[in-house]
There are 2 protein chains.
Amino acid sequence: MYFGGIFPFEDQMAGNTFHKLRDEIENGIVTGTFEPGERLDEVQLAARFGVSRTPIREALMQLSAIGLVEIRPRRGAIVVDPGPDRIFEMFEVMAELESMAGALAARRHTEEDKAAILESHSRCEHSAEREDTDSYYYDNEVFHYAIYAASHNGFLAEQCVALHRRLRPYRRLQLRVRNRMKVSFSEHAAIVEAILAGDAEAARSRLRDHVAVQGDRFSDLVSNLSRREATGAGGQRR
Amino acid sequence: MYFGGIFPFEDQMAGNTFHKLRDEIENGIVTGTFEPGERLDEVQLAARFGVSRTPIREALMQLSAIGLVEIRPRRGAIVVDPGPDRIFEMFEVMAELESMAGALAARRHTEEDKAAILESHSRCEHSAEREDTDSYYYDNEVFHYAIYAASHNGFLAEQCVALHRRLRPYRRLQLRVRNRMKVSFSEHAAIVEAILAGDAEAARSRLRDHVAVQGDRFSDLVSNLSRREATGAGGQRR
DNA sequence: GTCAATTTTTTTGTATACAAAAGAGATCAT
DNA sequence: ATGATCTCTTTTGTATACAAAAAAATTGAC
């Protein structure tokens, strides 16, 4: 599947080593291979990917610029651990950006946008019916990307994609919550309706709620997080 | 003047060479020392700053990650030239983020926030009375930062600051437009009123209008841009 | 045995070196 | 003279080398 023009840095896709490394490490962070707070050893990473330290450092520089990694002078790079409060803040901003995209989409969507939205929406439906969380997770992403694209604001779309990616791990946790998938789908339906009807304000508020709920759900999970922290793994910033 | 906790990357302030270089080059781009479309030669920059290519490259990597520089594989780095349409898109997003910050500020501001807002607001007033564009430009920035801070969403504040910085050169052009400064100040007054009254929706819409580039301002922007392009080194993306 | 100071080891940050690719320029054919 | 191909130059991308700083470990004092 191809998301033309939505991905940031698309022009750099022709992978120089450092670029591939950036994606690999970023993916590792988002996936959980590298845990929050974990130290990213340059030589270790270099060995792992079979390259020298130079491109590794360049990749880490880029990741630090987008806030996924923190480079402490002379003390190496660690995976940023946003902490519950910061994650909640990010959801708050995500809700606003998404709702903006939805409002713009309601006013500006073309026939192709409409087709893409409906297509991804029905994919979500199938996945929801099959109760296939993994599949729904992916389809849901495509659905949201379709709305970003329909906003016809490329910069906004890039921002949304970037933030969506960063929130991925926390969103993923949520889908496992009982019945969340079907509720999510019915929210989608209402959003699609508003966008296609050209009702910008309805699209805005429905999308805001749709995303904000995830933030709320997340704060429910915060207790789990802090419990986990007490027991072992994690480790807060600083 | 100190904007505690607002600047992104604040924790990296302890300047390793590459970090200082990043700031220097970023500043050069925002200031106009490096023009949009200009090629950033690594050896040239290295000579200029008296360092080797390595930290220069690391700085460029970071700048490319935040979208100020484009690194074309095997073809070097150039200063990104957003082009009028993209700039417009960025202002559209800025308007939404600012209005969000205003809405949150209306609901969440503390006494200290109130003091900071009023203080910066009255500084703007003095500068506007003296018709001191440069001074107003600076005070205006402080005013907006005070609102970001009052939103009590650190992530949002960072996003706002980053985008505000990127739009700096274009905003600056706008202040030169006749009478814009005094109009701007009266808009500020209405915004302050809404925030202090706790009227989130009024704050939101007033800030949106204040920031959005609409009507005449858009054509002013475009004509300024094309003039600059004609005279300068310019050159569109791609 | 515990704590502090010093030495050793690791690791980061920057410089340099080298290979490969892109760009510029010259040569040759038409 | 114009256009295309080949060569030479410049520039990027990655590896390696080295210096300085931080972390770890050893030694020594109490």
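Order of the sequence lines fixes the chain letters, A, B, ..., with proteins taken first and strands second; residue numbering starts at 1 for each chain. Just so it is clear, the structure is predicted and the values come from calculations on it, not from any experiment. FYI, side chains are in, hydrogens and waters are out, and symmetry mates aren't considered; it's all heavy atoms of this structure.
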S.K.: For a side chain to side chain contact (heavy atoms under 4.5 Å, CB included) check, start with the C-alpha distance between A/His210 and A/Glu98, then their side-chain angles and the critical distance, and finish with the verdict.
M.R.: CA-CA 9 Å; A/His210 177 61; A/Glu98 291 245 12; 5.9 Å; no
S.K.: Just how far, in rounded Å, is C1' of C/dT14 from CE of A/Met61?
M.R.: 11 Å
S.K.: Could you tell me the separation between the CZ atom of B/Phe49 and the P atom of C/dA15, rounded to a whole number of Å?
M.R.: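 The answer, rounded to whole Å, is 13 Å.
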S.K.: Please determine whether salt bridge (charged side-chain N to carboxylate O under 4.0 Å, His left out) holds for the pair A/Glu24 and A/Arg48, giving the CA-CA distance in whole Å, both sets of side-chain angles, and the decisive distance to 0.1 Å.
M.R.: CA-CA 11 Å; A/Glu24 287 267 10; A/Arg48 176 174 189 153; over 6 Å; no
S.K.: Can you tell me the distance, in whole Å, between the CD1 atom of A/Ile56 and the C1' atom of C/dT11?
M.R.: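 A/Ile56 atom CD1 is separated from C/dT11 atom C1' by 15 Å.
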S.K.: Side chain to side chain contact (heavy atoms under 4.5 Å, CB included) for A/Met61 and B/Arg22? Distances and angles first, verdict last.
M.R.: CA-CA 11 Å; A/Met61 289 292 163; B/Arg22 184 176 74 82; over 6 Å; no
S.K.: Choose from C/dA15, D/dT12, C/dT12 the nucleotide whose nearest atom is closest to any side-chain atom of A/Glu42.
M.R.: C/dT12
S.K.: Would one find a side-chain N or O of A/Arg57 under 4.0 angstrom from OP1 or OP2 of C/dT11?
M.R.: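 No, no such contact exists.
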S.K.: Hey, could you give me the NE2/OH distance between B/His164 and B/Tyr148, rounded to the nearest 0.5 Å?
M.R.: 5.0 Å
S.K.: Just the rounded figure in Å: distance from C1' of C/dG13 to CZ of B/Arg22.
M.R.: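 To the nearest whole Å, that distance equals 17 Å.
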S.K.: Closest approach to the side chain of B/Asp41, judged atom by atom: which nucleotide of C/dT16, D/dT12, D/dA22 is it?
M.R.: D/dT12
S.K.: At under 4.0 Å, does any side-chain N or O of B/Ser52 touch on OP1 or OP2 of C/dA15?
M.R.: yes
S.K.: Give a yes or no on whether a salt bridge exists between B/Glu92 and A/Arg108, defined as a side-chain N under 4.0 angstrom from a carboxylate O.
M.R.: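 Salt bridge present between B/Glu92 and A/Arg108.
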S.K.: Heavy atoms under 4.0 Å, any strand shown: does B/Arg75 hit a base, just sugar-phosphate, or nothing?
M.R.: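 Touches sugar-phosphate only.
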S.K.: Once you round it to whole Å, what is the distance between C1' of C/dA15 and CG of B/Leu21?
M.R.: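 Whole-Å distance recorded here is 14 Å.
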S.K.: Please give, in whole Å, the distance from D/dT11 P to B/Leu40 CG?
M.R.: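 So the two atoms are 14 Å apart, to the nearest Å.
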S.K.: Using atom CZ of B/Phe18 as one end and atom C1' of C/dA15 as the other, report the distance to the nearest whole Å.
M.R.: 16 Å
S.K.: Can you tell which of C/dT14, D/dT11, D/dA15 lies closest to the side chain of B/Arg39?
M.R.: D/dT11
S.K.: Contact class for B/Arg53 (heavy atom, under 4.0 Å): base, sugar-phosphate, or nothing?
M.R.: base
S.K.: Given D/dA15, C/dT12, C/dT14, which nucleotide is nearest the side-chain atoms of B/Pro55?
M.R.: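 My answer, after comparing the listed nucleotides, is C/dT14.
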S.K.: Roughly, in whole Å, what's the span from CZ in B/Arg72 to C1' in D/dT12?
M.R.: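 Rounded to the whole Å, the gap is 12 Å.
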S.K.: Answer with base, sugar-phosphate or nothing: what part of the nucleic acid does B/Val51 contact at a heavy-atom distance below 4.0 Å?
M.R.: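 The answer is sugar-phosphate, as B/Val51 gets under 4.0 Å only of primed atoms, P, OP1 or OP2.
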S.K.: Looking at D/dA20, I'd like to know if its phosphate oxygens (OP1 or OP2) sit under 4.0 Å from a side-chain N or O belonging to A/Arg74.
M.R.: no
